[in-house]
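For reference, the structure is listed below as C-alpha cells.
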Amino acid sequence: MSTINESVISAGEIDRLIRSRRSTFPDQFEAGKQVDEDTIWRLLENASWAPNHKRTEPWHFTVFTGEGLKKFAAFQAGRYQETSGEKFKQDKYDNLLKNPLKASHIIAIILRRSTTVDIPEMEEIAAVACAIENLYLSVTAYGLGGYWSTGGPTFDPGARDFFGLEEGDRLMGFFYIGYVRVPYVARTRKPIQEKNSWVKA
C-alpha cells in the first residue's frame with residue numbers, strides 16, 4: 001500500500017495554500033486567455049479526490065469553453081429575460097451575457113446521486129462541495145483564478161434539459177476559471193477562538 005511522503009507536502013505549504021485561496025470574479029480575469037486543456041483535466045482529477053461516503057463520487061462536471069461559453073451565456077441571459085418579469089434589469093441581463101465570455105472555462109457542477117447506495121442527500125451535497133473546494137485549492141496552486149457562482153440558472157427548473165440533468169440530479173452552480181488580470185486583495189478571518197467550543201471532561 002502506498003503512503004504519502006510527508007516530506008513532499010509540508011504542513012506549512014498546506015497552511016499557505018488554504019489561506020491564500022480566494023474567489024476571482026469575471027472582471028478580474030484576463031479575458032480571451034485560454035487555460036490549456038491538460039490543466040483543466042488535472043483540476044477535474046483533483047476535484048474527484050474529494051471525500052465521499054461509500055465511494056459514490058456523486059459529482060458530474062459539464063465543461064463549457066470556446067463557443068460553448070457563448071451558448072452558456074445566451075442561455076442564462078435568455079432564461080433571465082423570460083422569467084424575471086417586472087424584476088428585469090438591463091444591467092443584470094448584460095452581465096449574464098458578458099461575464100461568461102471573460103472566463104477560459106466554466107464548469108457546471110452537478111450533484112448526481114447514487115441509484116444503488118442509499119445515502120442521505122446532505123452527505124452527497126457535502127461531498128460535491130468538497131470537490132469544489134478541491135477545485136479552488138487547485139486553481140490557486142496552478143496560479144489561476146476561480147469563482148463558484150450559484151447565480152444565473154442554478155435554481156431554475158427550466159434549465160435542467162440544457163445542462164443534461166437526469167432524474168434526481170441537482171445543479172449546484174458554476175465554477176469559473178481563468179487567468180488572473182487583477183489580483184485579489186488580502187483577506188482576514190475572525191479569530192477561530194470565537195467560533196468553537198471544547199469539551200475536555
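The figures here come from the full heavy-atom set of this structure, side chains too, leaving out hydrogens, waters and symmetry mates. All values derive from a computational prediction rather than experimental measurement.
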Any non-hydrogen side-chain atom of Ile132 less than 4.5 Å from a side-chain atom of Ile109? yes

Rounded distance (nearest 0.5 Å) linking atom OG1 of Thr56 with atom NE2 of His53: 8.5 Å

When rounded to the nearest 0.5 Å, the distance separating CD of Gln81 from CD of Gln90 is 8.0 Å

Taking all atoms of both residues into account, what is the closest heavy-atom pair of Ala73 and Pro100, and its distance? CB-CG, 3.8 Å

Between the main-chain N or O of Gln28 and the side-chain N or O of Tyr184, is there a donor-acceptor pair closer than 3.5 Å? no

Rounded distance [0.5 Å steps], NZ in Lys92 versus CG in Asn99: 12.0 Å

Check Thr24 against Gly145 and note the closest heavy-atom contact, atom names and distance. OG1-CA, 3.5 Å

Passing option when Phe174 is tested against Phe163, Phe61, Tyr147 for ring-ring contact (aromatic ring centres under 6.0 Å, His included): Phe163

Does Ser84 reach the main-chain N or O of Lys87 with its side chain, forming a donor-acceptor pair under 3.5 Å? no

Taking all atoms of both residues into account, what is the closest heavy-atom pair of Phe29 and Gly178, and its distance? CE2-N, 3.5 Å

Rounded distance [0.5 Å steps], CD1 in Ile107 versus CG in Leu43: 7.0 Å

Working for side-chain contact (heavy atoms from CB on, under 4.5 Å), residues Thr150 and Met172: CA-CA 7 Å; Thr150 53; Met172 289 183 59; over 6 Å; no

Which atom pairs, one a donor and one an acceptor, fall under 3.5 Å between side chains of residues 133-144 and the rest of the protein, sequence neighbours left out?
| from | atom 1 | to | atom 2 | distance (Å) |
| --- | --- | --- | --- | --- |
| Asn134 | ND2 | Asn46 | O | 2.9 |
| Tyr136 | OH | Ser23 | OG | 2.6 |
| Tyr136 | OH | Trp148 | N | 3.1 |
| Ser138 | OG | Asn46 | ND2 | 3.0 |
| Ser138 | OG | Asn134 | O | 2.8 |
| Thr140 | OG1 | Tyr136 | O | 2.9 |

Any side-chain to backbone donor/acceptor pair from Gln76 onto Leu96? Under 3.5 Å, distance only. yes

With side chain to side chain donor-acceptor pair (under 3.5 Å) as the rule and sequence neighbours excluded, what pairs involving residues 166-181 come up? Arg112-Asp169, Glu121-Arg170

Donor-acceptor under 3.5 Å (Asn196 side chain, Ile192 main chain): yes

Does atom CG (Asp91) have a neighbourhood of more than 12 heavy atoms from anything else shown, all under 6.0 Å? yes

Run the side-chain hydrogen bond (donor to acceptor under 3.5 Å, both in side chains) test on Glu57 and Ser48 for me, step by step, so that the C-alpha distance in whole Å, both residues' side-chain angles and the decisive distance to 0.1 Å come before the verdict. CA-CA 7 Å; Glu57 301 185 24; Ser48 75; 5.6 Å; no

Neighbour count above 12 (heavy atom, 6.0 Å) for Lys102 NZ: yes

Counting only heavy atoms not in Asp161 (residues, nucleotides, ligands), do more than 12 fall under 6.0 Å from its CG? no

Any side-chain donor near an acceptor of the partner, Trp41 and Glu45, under 3.5 Å: no

Pairwise distance CZ(Phe64) to NZ(Lys71) - rounded to 0.5 angstrom: 9.5 Å

Judged by atom type as modelled, is there a donor-acceptor pair below 3.5 Å linking the side chain of Glu13 to the main-chain atoms of Ser10? yes

Please say yes or no: joined through hydrophobic side-chain contacts below 4.5 Å, possibly via intermediate residues, are Ile110 and Phe175 part of one cluster? no

Mind listing the closest non-hydrogen atom pair of Trp59 and Ala127 along with its distance? CZ3-O, 3.8 Å

Is any side-chain heavy atom of Leu44 closer than 4.5 Å to one of Val63? yes

Is any side-chain heavy atom of Arg113 less than 4.5 Å from a side-chain heavy atom of Pro58? no

Step-by-step side-chain contact (heavy atoms from CB on, under 4.5 Å) determination, Leu69 to Ile106: CA-CA 7 Å; Leu69 293 173; Ile106 295 175; 3.7 Å; yes

Nearest 0.5 Å, what's the CZ-CG distance between Arg19 and Leu17? 11.5 Å

Where do Lys98 and Asp94 land on the salt bridge (charged side-chain N to carboxylate O under 4.0 Å, His left out) test, with the steps shown first? CA-CA 6 Å; Lys98 293 185 297 184; Asp94 292 341; 5.6 Å; no

On a heavy-atom basis, the closest approach of Ser104 and Lys33 is CB-O, 3.7 Å

Residue pair Asp36 / Ile40, side-chain heavy-atom distance below 4.5 Å: no

